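Note that the structure is predicted; figures quoted are calculated from it, not measured. In what follows, chains are A, B, ... by sequence order, proteins preceding strands, each numbered from 1.
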Amino acid sequence: MSKIKDEHASSNKKMISLPISRVRLIMKSSPDVSSINQDALFLTTKATELFVQHLAHSSFNNGPGKETNSLSYSDLANTAEETETFHFLTDILPKKILARDYLRTLEQMEEEDADF
Amino acid sequence: MAERPEDLNLPNAVITRIIKEALPDGVNVSKEARRAISQAASVFVLYATSCANNFAMKAKRKTLNAGDVMSAMEEMEFERFLEPLREALEDDIRELSHMKMKNSEHIQKFSFSQTSSERRDDNSSSVIDSVNVPNIFWKCDSNVCSHTSGRFEIF
């Protein structure tokens with residue numbers, strides 16, 4: 001089965017599945033970008049696809065989901081925190097913590113501040 | 001530029017398909033995880049754009065080019081993408097030139113069929129809408145084409 005998948009992937013290598021127009025819109029939303037050449041747009045779109053694959057793949061392999069055959073949010077948040085190249089994602093993939101724990105850390109911080 | 005914030009999201013169906021292809025068969029990806037990956041992809045585009053733009057600015061260029069994107073990938077420590085990206089771009093360029101070749105063949109065929117109809121003596125030959133007439137026709141000899149009520153008749 002995986003062999004068929006590999007063949008499928010290699011035959012589709014040059015194909016792009018994400019919409020180029022949408023990627024251009026996201027790129028143009030950056031204020032200092034004035035114009036983007038066609039090849040740069042193509043490469044960014046392709047890179048985004050590779051990125052999605054890479055993020056999903058490494059989160060699944062590093063996470064505990066292998067036994068349960070699942071990929072969860074916390075696997076992604078862990079990857080963002082632990083892998084150097086995915087560090088830029090920590091702001092949008094924050095680790096979830098219980099409100100109880102958060103309140104406790106807040107209290108601790110206040111106590112530490114009071115010590116000074 | 002972007003009218004609505006959801007315009008900056010990538011389509012869920014496509015993202016889901018890419019995730020599925022990257023993982024072994026039958027892995028269940030939670031809805032939350034899919035949404036997170038999709039948002040991460042948008043942030044990746046912005047991060048890559050900003051890095052690439054820095055390279056373009058350093059070189060005093062206003063237009064982002066392929067080299068800027070490649071340099072950005074290196075700076076972001078996604079060197080593993082460089083080789084597949086290079087291959088994909090080569091394939092894309094090859095396909096484009098192939099398409100161009102096909103197009104020019106098409107034009108050649110078209111003009112050839114036209115000359116054969118010119119040689120025909122009957123006046124019941126094709127009538128073509130002026131909208132569809134390619135530039136090539138405007139250069140035709142005046143005694144071959146005549147303009148009648150917005151249409152070209154070829155004798």
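- Under the 4.5 Å side-chain criterion, counting only non-hydrogen atoms from C-beta, A:T45 is not in contact with B:V45.
- Taking B:R86, B:R80, B:E90 one by one and counting their heavy-atom pairs under 4.5 Å with chain A, the maximum is reached by B:R80.
- Neither the backbone nor the side chain of B:R94 comes within contact range of chain A; no heavy atoms are under 4.5 Å apart.
- With contacts defined as side-chain heavy-atom distances shorter than 4.5 Å, the pair B:M73/A:L43 does not qualify.
- The shortest non-hydrogen separation linking A:S72 to B:A33 is C-CB, 3.8 Å.
- Contacts with chain A were tallied for B:S30, B:A36, B:A40, B:A41; B:A40 has the most, counting heavy-atom pairs under 4.5 Å.
- When B:G26, B:A48, B:S50 are compared by the number of non-hydrogen pairs under 4.5 Å with chain A, B:G26 comes out ahead.
- Two residues are said to be in side-chain contact when any heavy atoms from C-beta on lie closer than 4.5 Å; B:L46 and A:I26 meet this criterion.
- Transitive grouping of hydrophobic side chains (ILVMFWY, heavy atoms separated by less than 4.5 Å) brings A:F51 and A:I20 into a common cluster.
- Looking at heavy atoms from C-beta onward, B:L10 lies out of side-chain contact with A:V52 at the 4.5 angstrom threshold.
- Taken to the nearest 0.5 Å, the CD1 atom of B:I15 stands 8.5 Å off from the CD atom of A:E49.
- With a threshold of 4.5 angstrom between heavy atoms, B:F81 approaches chain A through its backbone and through its side chain.
- Taking chain A as the reference chain and counting heavy-atom pairs below 4.5 Å, the highest number among B:V27, B:T49, B:I19, B:V69 is found for B:V27.
- Atom CD of B:E79 sits in a crowded spot, with more than 12 heavy atoms from other residues, nucleotides or ligands closer than 6.0 Å.
- Only the side chain of A:E84 comes within less than 4.5 Å of a heavy atom in chain B; its backbone stays farther off.
- Of all the listed residues (A:P19, A:S30, A:S17), the one sharing the greatest number of non-hydrogen pairs under 4.5 Å with chain B is A:S17.
- Contact annotation for A:H87: neither backbone nor side-chain heavy atoms come within less than 4.5 Å of a heavy atom of chain B.
- Between the CD atom in B:Q39 and the CG atom in A:L93 there is a gap of 8.0 Å [rounded to 0.5 Å].
- Considering only heavy-atom pairs separated by less than 4.5 Å from chain B, the leading option among A:V33, A:L50, A:D39 is A:L50.
- For a residue to count as touching a neighbouring chain, one of its non-hydrogen atoms must lie under 4.5 Å from one of that chain's; by this rule B:R17 touches chain A with the side chain only.
- Classification of the B:F44-A:F88 ring pair by plane angle, with boundaries at 30° and 60°, yields tilted.
- One hydrophobic cluster, built from ILVMFWY side chains closer than 4.5 Å, cannot hold both A:L41 and B:F55; they sit in different ones.
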**OP:** Could you give me the CA-CA distance, side-chain angles and deciding distance for B:L64 and A:M27, then say whether side chain to side chain contact (heavy atoms under 4.5 Å, CB included) is met?
**Re:** CA-CA 10 Å; B:L64 298 191; A:M27 291 175 85; 4.1 Å; yes
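- Contact tally against chain B (heavy-atom pairs below 4.5 Å) for A:A56, A:A47, A:S59: the top residue is A:A47.
- To the nearest 0.5 Å, the span separating CG on A:L76 from CZ on B:R35 amounts to 12.5 Å.
- Interface residue B:N53: only side-chain heavy atoms are found under 4.5 Å from chain A.
- For chain A, the option among B:V14, B:T63, B:I93 with the highest count of heavy-atom pairs below 4.5 Å is B:T63.
- In the hydrophobic clustering of this structure, A:I97 groups with A:L106; members are Ile, Leu, Val, Met, Phe, Trp, Tyr whose side-chain heavy atoms approach within less than 4.5 Å, directly or through other members.
- Contact count against chain A (heavy-atom pairs under 4.5 Å) is highest for B:A66 among B:A52, B:A66, B:S38, B:P11.
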**OP:** Report the C-alpha distance between B:I18 and A:L18 in whole Å, list the side-chain angles of each, state the deciding distance to 0.1 Å, and finish with yes or no for side chain to side chain contact (heavy atoms under 4.5 Å, CB included).
**Re:** CA-CA 9 Å; B:I18 299 172; A:L18 285 170; 4.1 Å; yes
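- Side-chain contact between A:L71 and B:I37: present, with at least one pair of heavy atoms (C-beta onward) separated by less than 4.5 Å.
- To the nearest 0.5 Å, atoms CZ (A:F60) and CG (B:L23) are separated by 6.0 Å.
- Atom NZ of B:K62 has 12 or fewer neighbouring heavy atoms from other residues, nucleotides or ligands inside a 6.0 Å radius.
- Distance CE/B:M76 to CZ/A:F86: 10.0 Å, rounded to 0.5 Å.
- Chain B forms the most heavy-atom pairs under 4.5 Å with one residue out of A:N69, A:I36, A:D32, and that residue is A:N69.
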